Amino acid sequence: MSVTAPPPIRPVPPGSTLPAARGHRPRRPRGTSLYAHGEPLVWLTGSALIVSVLMIVALLGLVLTMGLSTFWPQHVTEVTSLSGEHWMGEITDSERYVPDADMLSFLEPEVRASAEAALAASPDGRVRRRLFRTGNFDLSGSHFRWIDDYETAAEAQPEWAVVLERMAWGRFYGTPAAFLVDGDVVAEGPEASWAAFEREHEPSRARFDELREIEVFAVGDTHHRIEEARQALREVELTDGQDSDRYRAAQAEHDRVVAAAERDYATLDERRTALRAENDRYALRMATADGKTLDVTVADVVRGYPANQLGFVARVGVYLSRWWEFLWDRPREHNSEGGVFPAIFGTVIMTLIMSVLVVPFGVLAALYLREYAKQGWAVSAVRIAVNNLAGVPSIVFGVFGLGFFCYIVGGWIDESFYAANLPNPTFGKSGLLWASFTLALLTLPVVIVATEEALAAVPNSMREGSYACGATKWQTIRRIVLPRAAPGIMTGMILAIARGAGEVAPLMLVGAVKLVDKLPLDLRDWSGSLGPIPTGAMHLDRSFMHLGFHIFDLGFQSPNSEAAKPMVFTTTLLLIAIIVSLNLIAIWVRARLRRRFQGTHI
Amino acid sequence: MIEASETQRPSTGPTPARPGLDVRRPHEGGAVPRRPRHGGLFESIEQGRQFETVRHEAAAREDAVLEIDDFDLYYGAVRALHGVSLVCPRGKVTALIGPSGCGKSTLLRSVNRMNDLIDSVRIDGDMRLNGDSIYAPGVDVIQLRKRIGMVFQKPNPFPMSIFENVVYSLRIDGERDRSVLEEVCESSLRGAGLWSEAKDRLHESGLALSGGQQQRLCIARAIAAEPEVLLLDEPCSALDPIATGRIEELIDELKGSYSVLIVTHNMQQASRTSDFTAFMYLGRLVEFGPTEDIFVNPRLKETEDYVTGRFG
């Protein structure tokens, strides 16, 4: 601040007036000049900014710390309680609480004595308890357990505590006891069996990936071929009727295709059975802390590591491998484990389609409003209506999209082009295309308003200069007005992307689902390759996963909410990162446009 | 014609003393003897009386490129031009001078029908460009504007490269031949005296130039289409004296190959650059003749007062 300090106020003796120089109007006391200097306003505006910045930093900080720490492999702690129970797990939380007196009375005398001693020693009447992720859901029936400090007799970090991330039932904490091939023990003791596990894990996973590819893609492909043949036959039936030569020819073709597909299916099924049988041969016998054992099929283990033996580098390796899985794999365990690639893909592709739809549409509408329409009450009314559209709750757009796009437009498309598939809807249900349309509608006001402002900011002198050169109105718009307004239009697009990518409520109605087995785009499976799989085809009618909806699903719909909680933060972090990077790209393009079209000064 | 205006003199009577408009006082009694006193002419115009333009015969002998015939223009109910008739000689520079709001710019913008962009404008009378009517029904305004170049008060280069700025009028006609475009660009920039400064930065933004350079770029853009008339609307009012000097030199060079109609507030500029000068007041053309006559030997005392700075 370069504001000079107000001169000190001279003390005025009571009863006297301020010195009035040579008959001028007496001057008001100088104390008011503090206000005149505007310092209170500087403070007011500055603190408003500080509060906003603090809120943003706090939110981002929370999301960052929670999101980034989720995948860090912790040490595994084994706890022995005073009553002789054993638990093994990772510490995920810790809190101090006031134990209930009734609850204390139910404890065994030994534990109760310990609790009372702890309470007496505690200055604030609280005791500490820690939340252990104990896993082993198939044995214990819970993923987590609060363990009070007072019931702990001993605590250790056993060397051979192993964490297994499994395809089903969540994590397993235990020690390797034996390695089994075909049900026979081939290695015993933690060291030998872990070495055997590590040897067999890679090939088992490779077989598993092949199996998955067969199940999802190859089997799906044969079904698809049979379904297509059925539809082709049905089309002929709809046009020519059953009693025609064409129908008989089509029937023969249909039977041929179906037979071929069924032959292919039989081959695939054989291969699948063989892979399954081979994978079922290998198992790792794990012993839990409380002495139970469980045979874990090697192929079911996504990742396993001896948690307490890892050095820093190995820990970073596990951390990065988890991130890799998170970004590139599909979810498992009710979305609380595994990756979110389908959701990332769905979010990005939906946002892109939405931008492709909304930007031209909004720009054309704004062009008419600003360049062609005669400014009057009608245009003002339209403008107000557009601005009001921005204030309509987004769920209303979702309802509209479901009713209009999915059922009316989609139903019409089905009747016109996909009649053979009826009564199964193709476009007459929620899907990627309709979700993009709905969000385009939702973000349309943003684009229109921003574009109108950008158009209004183009100096009239430029338009006149163009007209004076003999340009038509459209030539002027295309060559002068639009390039000059392009950065402003990009700003509108950035706002629309930010709004659209973060929207969840309407998507629940028009296309986002909890889990999909197929992406809207037939990518070759990201875990390998096999057979004649159709690739690169876009399926805009398919439902899709969306990060925003995924967050909602993880946070509020998950059966294992405690395990899903860190994933909520990680997914939020990812969604924010995606929106930020989409915005950064748009900002970069805008800066380029600005340099290109607006020069360095003026 | 002088007599005609003398007969239109308003009846004598007490005229309200209005600062700046009371033009009689400085010359009362001390005027050049052969020039009759027209002290009441401005009041007469203000009161809306009929009034005949004073035309010097020299102007009528020239070959006309642009003829303006009894042209009226209204902004809604307000009449901005009152029966203006003017002939712009071919290959010469004609300056329009007069106090602010006298309709110079309006007249200029009427020539290429820029006023069509304003909804409330209504006109009467006609103009002819090389004999072709400008306001006849059925005239293609786009084609018309291609025959007329215009440079505005504030430099308004387009948001594109210098090269694209210059060849804009060719681009909108669909010219794609690179060699033609490059040739026109060079000749136009040379014509506008910008070639030596711009030839190494043709693909930089036109907005990166200085104000004076931008205005010369606009002139290059205007002459790229080889217009039959070049309209300059106070082309130097936003420029510093050095840039102004360059533009004036440029106008001098354009003389002969282009017919120029220039609006200016700067008397020196009008006297330096133009061959003919038209003095306008409140929508009327007051006096029109060779620049030398208007500045040295005007027939109306009001004109002399204006050009010598005793008025306005």
Side-chain angles (χ1 to χ4, degrees), chain A residues 363 367-380 450-451 453-491 589-602, chain B residues 108-109 111-119 140-162 164-174 201 203-211 214-215 217-218 221-225 227 230-233 238:
Chain A
V363 168
L367 268 181
Y368 186 82
L369 272 181
R370 180 61 63 179
E371 299 286 327
Y372 288 104
K374 196 171 173 175
Q375 305 297 318
W377 67 267
V379 167
S380 301
T451 306
E453 270 164 25
L455 293 177
V458 177
N460 243 331
S461 65
M462 279 190 188
R463 291 190 183 91
E464 285 190 337
S466 174
Y467 292 138
C469 285
T472 60
K473 186 140 198 164
W474 172 244
Q475 281 171 329
T476 303
I477 289 174
R478 196 177 78 74
R479 290 174 182 269
I480 309 292
V481 177
L482 277 184
R484 171 68 197 232
I489 296 171
M490 288 295 291
T491 306
V589 172
R590 181 175 68 179
R592 269 185 59 112
L593 286 176
R594 229 176 231 158
R595 269 205 306 281
R596 180 150 162 232
F597 292 123
Q598 297 195 343
T600 45
H601 33 287
I602 293 188
Chain B
L108 196 75
R109 292 164 59 89
V111 175
N112 64 349
R113 293 185 60 171
M114 289 300 277
N115 286 328
D116 288 13
L117 302 173
I118 304 167
D119 289 334
D140 184 348
V141 182
I142 301 299
Q143 290 305 322
L144 172 79
R145 288 188 187 138
K146 290 186 203 292
R147 296 167 61 187
I148 302 170
M150 187 165 187
V151 175
F152 294 82
Q153 204 165 345
K154 260 183 73 187
N156 58 348
F158 298 143
M160 47 179 82
S161 70
I162 294 174
E164 290 296 330
N165 258 289
V166 177
V167 300
Y168 183 75
S169 51
L170 281 78
R171 283 273 191 221
I172 57 178
D173 284 342
R201 42 196 297 207
H203 297 285
E204 284 176 34
S205 168
L207 291 147
L209 296 171
S210 75
Q214 285 188 1
Q215 195 61 301
L217 178 62
C218 293
R221 186 174 74 198
I223 62 179
L230 190 56
L231 308 175
L232 308 178
D233 189 359

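Since we're looking at a predicted model, the values are computed, not measured. Throughout, a chain's letter reflects where its sequence line sits, starting with A, and its residues are numbered from 1. Just the heavy atoms: all of them, side chains too, but no hydrogens, waters or symmetry mates, feed the values below.
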**Prompt:** Do you know which two heavy atoms are closest between Phe152(B) and Gly465(A), and how far apart they sit?
**Reply:** CE1-CA, 3.6 Å

**Fill in**
Separation between SG (Cys469(A)) and CE (Met150(B)), nearest 0.5 Å, reads 11.0 Å

**Message:** As a quick check of understanding, evaluate side-chain contact (heavy atoms from CB on, under 4.5 Å) for Ile480(A) and Tyr168(B), giving each step before the final call.
**Reply:** CA-CA 10 Å; Ile480(A) 309 292; Tyr168(B) 183 75; 3.5 Å; yes

**Met160(B) CE to Met462(A) CE distance, which is reported to the nearest 0.5 Å** = 9.0 Å

**Fill in**
Between the CZ atom in Arg463(A) and the CG atom in Asn156(B), the distance rounded to the nearest 0.5 Å is 12.5 Å

**Request:** Please report the C-alpha distance between Phe158(B) and Arg479(A) in whole Å, then the side-chain angles of each, then the deciding distance to 0.1 Å, and finally whether the side-chain contact (heavy atoms from CB on, under 4.5 Å) criterion is met.
**Result:** CA-CA 9 Å; Phe158(B) 298 143; Arg479(A) 290 174 182 269; over 6 Å; no

**Request:** Among the options Ile142(B), Leu144(B), Asn112(B), pick out the one with the most heavy-atom pairs lying under 4.5 Å from chain A.
**Result:** Ile142(B)

**Message:** Report which part of Arg109(B) has an atom under 4.5 Å of a heavy atom belonging to chain A: side chain, backbone, both, or neither.
**Reply:** side chain

**Request:** Answer yes or no: are there more than 12 heavy-atom neighbours, outside Lys473(A) itself, under 6.0 Å from its atom NZ?
**Result:** yes

**Complete:** Among Asp119(B), Ile148(B), Leu117(B), the residue with the most heavy-atom pairs under 4.5 Å to chain A is Leu117(B)

**Request:** Counting only heavy atoms closer than 4.5 Å, note whether Pro157(B) contacts chain A via side chain, backbone, both or neither.
**Result:** backbone

**Complete:** On a heavy-atom basis, the closest approach of Pro159(B) and Arg484(A) is CG-CB, 3.7 Å

